[in-house]
Enquirer: 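Here it is, the structure, as structure tokens.
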Number of protein chains: 2
Amino acid sequence: MKVRNNISNSGQVQVPTPTLRRLPGYLSYFKALKIGGVEQVSSGQIASVFKMDSTLVTKDLSYTGVKGRTKVGYNVEQLIETIVRFLDFNTRENAFLFGVGNLGRALINYQGLQHYGLNIVAGFDTDPGVINTQIRGVKIHALDDFRDLSIKTPARIGIITTPDGSAQEVADLAVAWGIKAIWNFTPQSIKVPENIIVENTSIYSDLAVILNKLNH
Amino acid sequence: MKVRNNISNSGQVQVPTPTLRRLPGYLSYFKALKIGGVEQVSSGQIASVFKMDSTLVTKDLSYTGVKGRTKVGYNVEQLIETIVRFLDFNTRENAFLFGVGNLGRALINYQGLQHYGLNIVAGFDTDPGVINTQIRGVKIHALDDFRDLSIKTPARIGIITTPDGSAQEVADLAVAWGIKAIWNFTPQSIKVPENIIVENTSIYSDLAVILNKLNH
DNA sequence: CAGTGTGAAGTTGTTCACAGCA
DNA sequence: TGCTGTGAACAACTTCACACTG
């Protein structure tokens with residue numbers, strides 16, 4: 001009999017990606033509850049807000065290790081703390097941003113990311129009109145300065161918001177100087193060594209889903 | 001015996017969402033190939049670029065109705081045309097944008113969306129400092145003007161990029177004046193009537209996945 | 001009972017195996 | 001032989017059923 005095995009060598013349960021993607025949404029809801037003075041919440045309530053099965057909610061939450069009390073539900077404060085810790089939203093993680101166009105500028109300005117563990121420490125661009133300017137205290141450097149800066153202020157995450165076909169080039173450079181994870185906002189596919197993490201955020205994927213639902 | 005049935009009443013094959021989400025990525029790759037003068041491409045090549053199983057590529061492409069030729073592969077030009085048409089990226093779809101903050105401004109500036117079928121025709125905000133300004137020819141209106149504008153220039157899509165807790169309020173208004181689909185960039189969950197489409201784009205979900213992969 | 005928590009069943013999506021074709 | 005295309009096997013994710021708990 002083949003039994004499904006959720007336990008990796010290290011004894012750490014590996015979390016399904018869909019669960020990981022839902023947790024920030026729960027977190028936002030719990031924070032709103034806290035502001036509203038609500039102290040307890042049940043899986044059924046959560047499920048109805050997100051229009052999903054309540055069992056799935058309990059399964060998702062169980063991965064974080066939070067314990068609910070029967071008849072009472074989960075403690076909101078405890079949920080927030082547990083999920084924040086579980087998602088590493090409490091640790092400061094440095095990031096470099098490559099390509100200070102509209103989207104790049106928006107991400108730097110987006111104070112939200114700082115509250116969720118991500119600290120953009122520098123931007124890079126090739127446009128002389130942008131180099132040496134500051135956005136919210138984040139200095140924009142020439143791409144050539146990347147090597148020196150990556151030694152002085154190391155970062156593990158590289159955010160790529162370059163236009164057109166330069167994503168691969170920038171990714172190669174980023175990897176060469178120590179970036180461990182690439183957050184790719186361009187629609188291009190990026191090739192990286194085995195041990196480097198790539199997460200693609202594609203606005204066009206979301207658009208495709210919307211248009212499909214609207215028209216079919 | 002229960003047989004799996006992909007065909008809906010209307011005879012239309014319904015496309016799996018994961019397929020829909022992958023197609024824009026392929027499209028971007030095909031466009032790059034075209035620029036490079038490449039005329040044919042095989043599922044194996046595509047699969048290696050995106051690090052996936054080649055069968056999955058052929059399955060994805062088969063949903064669009066494009067036909068490949070054995071030993072030769074698919075015609076790049078034909079792939080582009082077929083996918084663009086399949087995803088409705090060739091039709092102009094009007095959209096209103098609510099909340100002209102950093103992210104909202106970036107989306108309006110993002111010329112990319114226009115090339116993918118989405119036309120932001122107006123922005124709305126409550127900040128007097130922003131109202132009546134223009135961004136790339138897109139006028140920003142007071143939220144109160146929404147009713148009149150939605151009659152003059154109807155739009156089916158509402159993009160919500162408001163800060164904090166106002167997403168639900170804005171969504172209610174949008175639905176009341178004829179919006180059929182809401183593209184929600186806030187982390188909040190939005191309640192809408194049964195027949196309204198909601199697509200949530202959560203940057204924090206992506207961040208959660210990255211941090212998890214980095215740290216575990 | 002009204003809730004959590006969990007193993008089993010069901011469903012959806014991906015990979016495998018192989019038929020067909022130029 | 002190299003590649004498309006597809007039905008069957010497999011794996012991942014979600015829902016169901018129900019035991020348990022205060």
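Labels below follow one simple rule: chain letters A, B, ... track the order of the sequence lines, proteins then strands, and each chain is numbered from 1.
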Enquirer: Nearest to the side chain of B:K71 - D:dT1, C:dT15, D:dT15?
Expert: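 Nearest nucleotide to the side chain: D:dT1.
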
Enquirer: Which nucleotide in the list D:dT4, C:dT4, D:dA17 gets nearest to the side chain of B:S42?
Expert: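 The closest nucleotide is D:dT4.
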
Enquirer: What is the distance, to the nearest angstrom, from the CD1 atom on A:I46 to the C1' atom on C:dG3?
Expert: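 For the pair A:I46 CD1 and C:dG3 C1', the rounded distance is 12 Å.
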
Enquirer: When the distance from CZ of B:R69 to P of D:dG5 is rounded to whole Å, what number comes out?
Expert: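 For the pair B:R69 CZ and D:dG5 P, the rounded distance is 12 Å.
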
Enquirer: For A:R22 and D:dC13, is the shortest distance between a side-chain N/O and OP1 or OP2 below 4.0 Å?
Expert: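 No, outside the criterion.
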
Enquirer: Taking the side chain of A:K67 as heavy atoms from C-beta outward, which of D:dT6, D:dC16, C:dG5 is closest to it?
Expert: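 The answer is C:dG5, which lies nearest to the side chain.
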
Enquirer: Please answer whether the main-chain N or O of B:A167 pairs with a side-chain N or O of B:T186 as donor and acceptor at a distance below 3.5 Å.
Expert: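 Here the side-chain-to-backbone pair does not exist.
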
Enquirer: Side-chain N or O of A:Y63 less than 4.0 angstrom from OP1 or OP2 on C:dT6?
Expert: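 False: A:Y63 side-chain N/O out of range (4.0 Å or more) of C:dT6 OP1/OP2.
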
Enquirer: Whole-Å distance between D:dA9 P and B:K59 NZ?
Expert: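 From B:K59 NZ to D:dA9 P: 13 Å.
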
Enquirer: Using atom CD of A:Q45 as one end and atom C1' of C:dG3 as the other, report the distance to the nearest whole Å.
Expert: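 Value for this atom pair: 11 Å.
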
Enquirer: Choosing from C:dT4, D:dC16, D:dT1, which nucleotide comes nearest the side chain of A:D53?
Expert: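 That would be D:dC16.
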
Enquirer: Measure from the side-chain heavy atoms of B:T70 and tell me the nearest of D:dT6, D:dC3, C:dT4.
Expert: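 Given the options D:dT6, D:dC3, C:dT4, the side chain of B:T70 is closest to D:dC3.
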
Enquirer: Rounded to whole angstroms, how far apart are OH on A:Y74 and P on C:dA2?
Expert: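 Interatomic distance, OH of A:Y74 to P of C:dA2: 18 Å.
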
Enquirer: Can you tell whether the side chains of A:K34 and A:E81 come within less than 4.0 Å, N to carboxylate O?
Expert: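 Looking at A:K34 and A:E81, the cut-off is not met.
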
Enquirer: Are B:F98 and B:F146 near enough that their ring centres are under 6.0 Å apart?
Expert: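 Ring centres of B:F146 and B:F98 closer than 6.0 Å.
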
Enquirer: Considering just the side-chain nitrogens and oxygens of A:S43, establish if one lies under 4.0 Å of OP1 or OP2 belonging to C:dT4.
Expert: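 A:S43 to C:dT4 OP1/OP2: side-chain N or O found under 4.0 Å.
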
Enquirer: Check whether the ring centres of A:F50 and A:Y26 lie less than 6.0 Å apart, and answer yes or no.
Expert: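 That pair passes the under 6.0 Å test.
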
Enquirer: So is A:K31 actually on top of A:Y116's ring, under 6.0 Å and inside 45° of the axis?
Expert: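 Checked: cation-pi criterion met.
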
Enquirer: Take atom CE of B:M52 and atom P of C:dT15, then tell me their distance rounded to the nearest Å.
Expert: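 Going from CE in B:M52 over to P in C:dT15 covers 7 Å.
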
Enquirer: Measure CG/B:N75 against P/D:dT4 and give the value in whole Å, please.
Expert: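 About 13 Å, once rounded to whole Å.
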
Enquirer: Closest to the A:P16 side chain: C:dT15, C:dG13, D:dC13?
Expert: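 In terms of side-chain proximity for A:P16, the closest of C:dT15, C:dG13, D:dC13 is D:dC13.
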
Enquirer: Could you check which of D:dT14, D:dG5, D:dG7 has an atom nearest any side-chain atom of A:L56?
Expert: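 Within the option list, the nearest is D:dT14.
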
Enquirer: Quickly work out the B:D60 CG to C:dT15 P distance and round it to whole Å.
Expert: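 The distance from CG of B:D60 to P of C:dT15 comes to 10 Å, rounded to the nearest Å.
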
Enquirer: Among C:dT4, D:dT14, C:dC16, which nucleotide sits nearest the side chain of A:T58?
Expert: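 The answer is C:dT4, which lies nearest to the side chain.
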
